[in-house]
Amino acid sequence: MGVSGVSAYGVLNVRVRAGLGEMLAPETFARMDGSPDVASILAILRDTVYGRVLSKADEGDANPRRITYLLRTHLTEKFEVVVENAPKVARPLIEQLFRLYEVDNLKATFRSIQAKDSWDKLRHLLFPMGGFITLPYEHMLATGSVPDVIGLLENTPYGQPLKAALPRFLQENDLFAIEVNLDLDYWAKTWKLIDDLPGGDRRLAHDLIGEIIERNDLLWATRFFLYYKLSAAEILNYTLGIGPKVPDEVIGRISQGEPLKSVLASIYPELRPKTVAEGAENLDVSHWEIELHRMYFRHCRSKLVGPPFNLGVSLAYLFLLEYEIEDIILLLEAKAMGLPRERYSSYLINKVFQS
Amino acid sequence: MRKKQGIKMFLEPEKMSRVEIEFPQQYINEVTQTLVRSGHFQIEDSSALNMRKTSEFDDEMQERYNQYGRLETDILAVMKQLDIKPGKMPEIEPEVIENPEEILQELEAVRVELGKMDQRTEEIRKTLENGKRFLNIMEPFKDLDIEFGAIRNRRYIYSILGIIPTEKIERFKQSFARIPFVLLELSQEGPNTIVLLIGNKIQQDFLIRTARSAYLNSLDLPDEYHGTPAQIVAQTQAEMDKGTQELETLRKDIEALRKKQADLLVDRYWRVRMSRTVSEITNRFGRLTHDLLVVGWVPQDYSARFQKTLADISPDIIVDVTEENELEEGQKPPVALHHTKPVEGFQKLVTTYSTPNYQEIDPTILLLLTFPILFGAMFGDVGQGLFLALVGALLFSGKVSKLRGLSKLGPVVVLCGVSAAIFGFIYGSVFGFEELIKPLWRHPIEDIMGILILTFAGGALLLSIANILALVNDARRKDWAHMIFSGKGVAGLVLYWSLLGLLITSLTKVISLPKGLLIALALIAVVMIMSTGFMERLLERKRPLFEGGFLVYFIQSFFELFEALIGFLSNSLSYVRVGAFAVAHAGLSQVIMILAEMVGPNKGAGFWIVIVLGNLFIIGFEGMIVSIQTLRLEYYEFFSKFFSGGGTRYKPLGFLSSSK
């Protein structure tokens, strides 16, 4: 990393380091884990960096749904900070990474249209988009028609994938083709954006984002094979095969019936040997999904050490922050439902729960 | 018919007679039509007088009513389809329908004919829509030189012609790694490519599923399409042209049907509506054991002719007329207000307060005389007044469609404007300029005390008129004790005038009245007012004379006297606001002048802009406030003295009382 890296990432690094310093300490997580109810967790959170966003919740509407929305607002704000302070060349990629939440919002809107939900119900499911320009969800829902929404979005980045999936939606009246194509298109475009980055950043982004794409391909392929009973050819078309460690050949192994455990053991030796080795064939896909996320969590943590003036630290920070927020949300929901610790702890990602 | 002449005609409601008609039910149609045709009969709901349980006859009448309702809806629906408007009711009164079935058959014939045309029109429209959609789908393929017949329904080969996102082609090819296939990339269409996928027929399902998973959207053509895409497009276009021509023919046919049936449908519509109205009226008849009973009101002048008309139908129809002076307690005749169109605005202001009751004076004409005077006195300015008059004339003319709803208020605004202009001459003010014309009297601001005293005097005059009108109303009601002894009667008037006389004598040296006489009259009036309750009971022969005992009576009477005195004082002082607003109006005009001179000291454009805007502000804002104050004086100081309202408007039966 040369002088140019220092000038490009100097300010951003300071802001990201400050953000990292605000992240919750393992002790705080432990205290929340041991809290008896939602109110106790909120009391702990109000003394942390989340106190500011939580102050927007009145006494009357401090329900888990509202709290979830406010906590995610914190992530949106941090994305905005990173975009503002990132070098110009890296901004499109970071903005694209945030657009993943827009894709999720779009999918939620389509589901709400199909279920004829009200705007009041949908708006609580949407990810807060903050200052990012986004889609007119309320208007889209008001059309009450998936084809009409696709028409509305014709000139957006979603126009082409939606248009390609529309004939199948009209035939099947099912959102599967739409949702799959949105995901494929999103990650393909994200991968292409990495090519615009300078060498060092490109390698880091390939490393960090490549693993997300690999995880997606592995889980999609497994689910398509196990639950949708799709053929190898179909699975290949519904996956990307661009992750360095999960080429078409690996997807082909899954679609030919090789257990995920075996595939994972061969491509990720760093995945906890204990978990992979202990004859866990019977574990379902969601178990491996959690393990892959935990591995990714460790991967991101590893990017925080070493040369600081690069894109990797910022990306790792944003991914880690998302994990932190999703863990808090999981804890809140578990406490709200009164679940015992053993029922929810296996779904938490944070390293404090991995021992 | 009307014989009353002069001002009395405008002050009193028309005299009414109560009519009860008993007749055998066989005459129901003739009687009903006569009642409606007369245009003078106001019906009262007599269904509460029913003396029998529901009979077959009643059920039939109800069913008939429902039938007319349905028929009217159906006719209107057909007319709407044919774009036929009902227009105004024909001058020749539509006949009541005896047999709704005949109309139904006529309507059905039109409906069937129209239905066929509509159905065909709809079919063609759908065909055209589908054709248009199909042409859109075919658009990317139109330049392909492929014979569809050649690739369809082959014994060993299965092919898919379709469009696929270009970026998916490579992966799509990889997904076929284990089976033989041919993928021909025919042409590029933006981000998509038109491809022809050819494979083994045995693997048809696999080919279809894999193609779908790659978002290859196939062009599914019906079997009847043969030839190249260009030929198919031409074939479709020809079919669409044919459809368009047929649509035009159908449009002409529908237009011809419209012309042919318009008169018939309009005629039937009005007849059905007439029949429904008549039928609706009969539901308000009372059912006696054998006969039917109708109760209502007609103008006294008309009652003889009305009786004769009914008697001409059949001697079995019994008509019993009760004149106004024979009415029983609780029988309240409706009030017929008969003012000309220009006066309707003032009538509206009266009825907003309340509808006059039958036994009291209709204050519309009094309002017409006093309202503009009070308004003008407060808003005196020649220019602003004439501007308001112009606005009023515009409102009344109805030339501005958005203001048509306010046309009745036009004459009110015109008179207020003219009055304001007259007072403008008296005060010497034109659009706020006070040096343009010489005042006939003086500028209000130069003699504030003078104008306040004058308006107090004007108020006293109006209150005296109101009290005299209250006496007239008491006399009409034959409420003699109240008329003579009450605070709103002769005694009250004597007390008011005595006190006014004492005030004038004490404060001015111009008029000198005998104080002793005035005090004596005032004391007599006080005693009379306090004895009102006693005298009322004495004249009505009610006992005991002092209800609740003498002490209670005395205290009650004392407070009634106190209330009357306070009323005189506050009502009189209330009119001082007229002077106060005249002064305020002049003051506001002066402020506008000062502002204008500040903006344009040399009377440049700025000066005139401020003058125009300032005058518009005064006309709009102050005009509204003065209107509210005038209305307040009329309602609470003037009307409250003599006008109790609570009457029922006279609304004679008419055809087509309600529309669907």
Side-chain angles (χ1 to χ4, degrees), chain A residues 147 150-151 154-172 174 176-192 213 217 220-221 224-225 228-242 247-253 255-256, chain B residues 129-130 132-134 136-141 158 160-183 185 188-195 197-200 202-222:
Chain A
I150 292 174
E154 191 174 355
N155 297 317
T156 69
Y158 310 109
Q160 184 55 28
L162 288 173
K163 208 172 161 187
L166 180 61
R168 280 194 55 192
F169 171 78
L170 292 173
Q171 284 167 14
E172 300 161 10
D174 188 296
F176 175 83
I178 287 179
E179 293 193 4
V180 169
N181 211 27
L182 278 173
D183 284 333
L184 293 174
D185 179 75
Y186 170 80
W187 287 111
K189 282 176 180 160
T190 306
W191 192 248
K192 274 184 192 159
I213 293 174
D217 270 353
W220 288 342
F224 291 146
F225 175 75
Y228 291 80
K229 313 288 181 202
L230 298 184
S231 68
E234 286 171 292
I235 290 173
L236 206 67
N237 281 322
Y238 288 142
T239 49
L240 289 157
I242 49 180
D248 290 350
E249 178 266 327
V250 173
I251 295 170
R253 281 161 59 194
S255 57
Q256 294 303 319
Chain B
E129 270 174 30
N130 289 339
K132 203 172 161 188
R133 210 172 295 134
F134 179 71
N136 276 340
I137 294 168
M138 285 298 291
E139 177 65 24
F141 301 92
Y158 183 77
I160 298 173
L161 176 68
I163 189 161
I164 183 173
T166 307
E167 66 197 13
K168 292 191 187 286
I169 290 178
E170 279 315 305
R171 199 153 183 76
F172 181 50
K173 285 179 183 170
Q174 285 169 30
S175 67
F176 279 106
R178 296 185 180 190
I179 63 161
F181 76 101
V182 174
L183 186 72
E185 293 175 36
Q188 195 77 25
E189 282 292 325
N192 302 311
T193 303
I194 296 171
V195 293
L197 175 69
I198 303 167
N200 195 326
I202 299 167
Q203 288 161 325
Q204 178 177 333
D205 286 348
F206 177 81
L207 288 168
I208 292 171
R209 285 181 62 181
T210 309
R212 279 153 53 92
S213 68
Y215 295 87
L216 194 169
N217 295 309
S218 64
L219 175 68
D220 296 320
L221 285 181

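Order of the sequence lines sets the chain letters (A, B, ...), proteins ahead of strands, with each chain counted from 1. Everything numeric here is computed off the predicted structure, so don't read it as measured data.
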Next item on the list: Decide if atom NZ of A/Lys192 counts as having more than 12 heavy atoms of other residues, nucleotides or ligands within a radius under 6.0 Å.
Entry: no

Next item on the list: Using non-hydrogen atoms and a 4.5 Å limit, figure out which bit of A/Gln160 sits close to chain B: side chain, backbone, both or neither.
Entry: side chain

Note to self: Counting heavy-atom pairs closer than 4.5 Å to chain B, which one of A/Ser231, A/Pro167, A/Ala232 comes out on top?
What the structure shows: A/Pro167

Item checked: A/Ala177 versus chain B, the contacting section by heavy-atom distance below 4.5 Å -> both

Notebook entry, point to check: For the atom pair CG (A/Leu236) and CZ (B/Phe176), what is the distance rounded to the nearest 0.5 Å?
Noted result: 11.0 Å

Check: How about B/Lys168 and A/Leu184: do any of their side-chain heavy atoms sit closer than 4.5 Å?
Finding: yes

Check: At a heavy-atom separation under 4.5 Å, does A/Ile251 approach chain B through its side chain, its backbone, both, or neither?
Finding: side chain

Margin query: With rounding to the nearest 0.5 angstrom, report the CZ to CG distance, A/Arg168 to B/Asn217.
Written below: 8.5 Å

Next item on the list: Indicate yes or no: at least one non-hydrogen side-chain atom of A/Thr239 is less than 4.5 angstrom from one of B/Arg171.
Entry: yes

Note to self: To the closest 0.5 Å, what do you measure between NZ (A/Lys163) and CD1 (B/Ile163)?
What the structure shows: 8.0 Å

Check: Is the count of non-hydrogen atoms from other residues, nucleotides or ligands lying under 6.0 Å from A/Tyr228 atom OH greater than 12?
Finding: no

Notebook entry, point to check: What is the distance from atom CG of A/Leu166 to atom OH of B/Tyr215, rounded to the nearest 0.5 Å?
Noted result: 12.0 Å

Item checked: Distance in Å, B/Ser213 OG paired with A/Phe224 CZ, rounded so as to fall on 0.5 Å steps -> 10.0 Å

Notebook entry, point to check: Got a sec: does the NZ of B/Lys132 have more than 12 other heavy atoms crowding it under 6.0 Å?
Noted result: no

Checklist line | Chi angles and distances behind the side chain to side chain contact (heavy atoms under 4.5 Å, CB included) call for B/Arg212, A/Glu172 | finding: CA-CA 11 Å; B/Arg212 279 153 53 92; A/Glu172 300 161 10; 2.5 Å; yes

Next item on the list: Find out whether A/Leu230 and B/Arg209 are in side-chain contact, i.e. whether some heavy atom of one side chain is under 4.5 Å from a heavy atom of the other.
Entry: yes

Item checked: B/Ile179 atom CD1, over 12 foreign heavy atoms within 6.0 Å -> yes

Notebook entry, point to check: So, for B/Thr210 and A/Asn237, which heavy atoms are closest and what is the spacing to 0.1 Å?
Noted result: O-ND2, 3.4 Å

Next item on the list: Considering only heavy atoms and a distance below 4.5 Å, find which of B/Gly190, B/Ala211, B/Ala214, B/Pro165 pairs most often with chain A.
Entry: B/Ala214

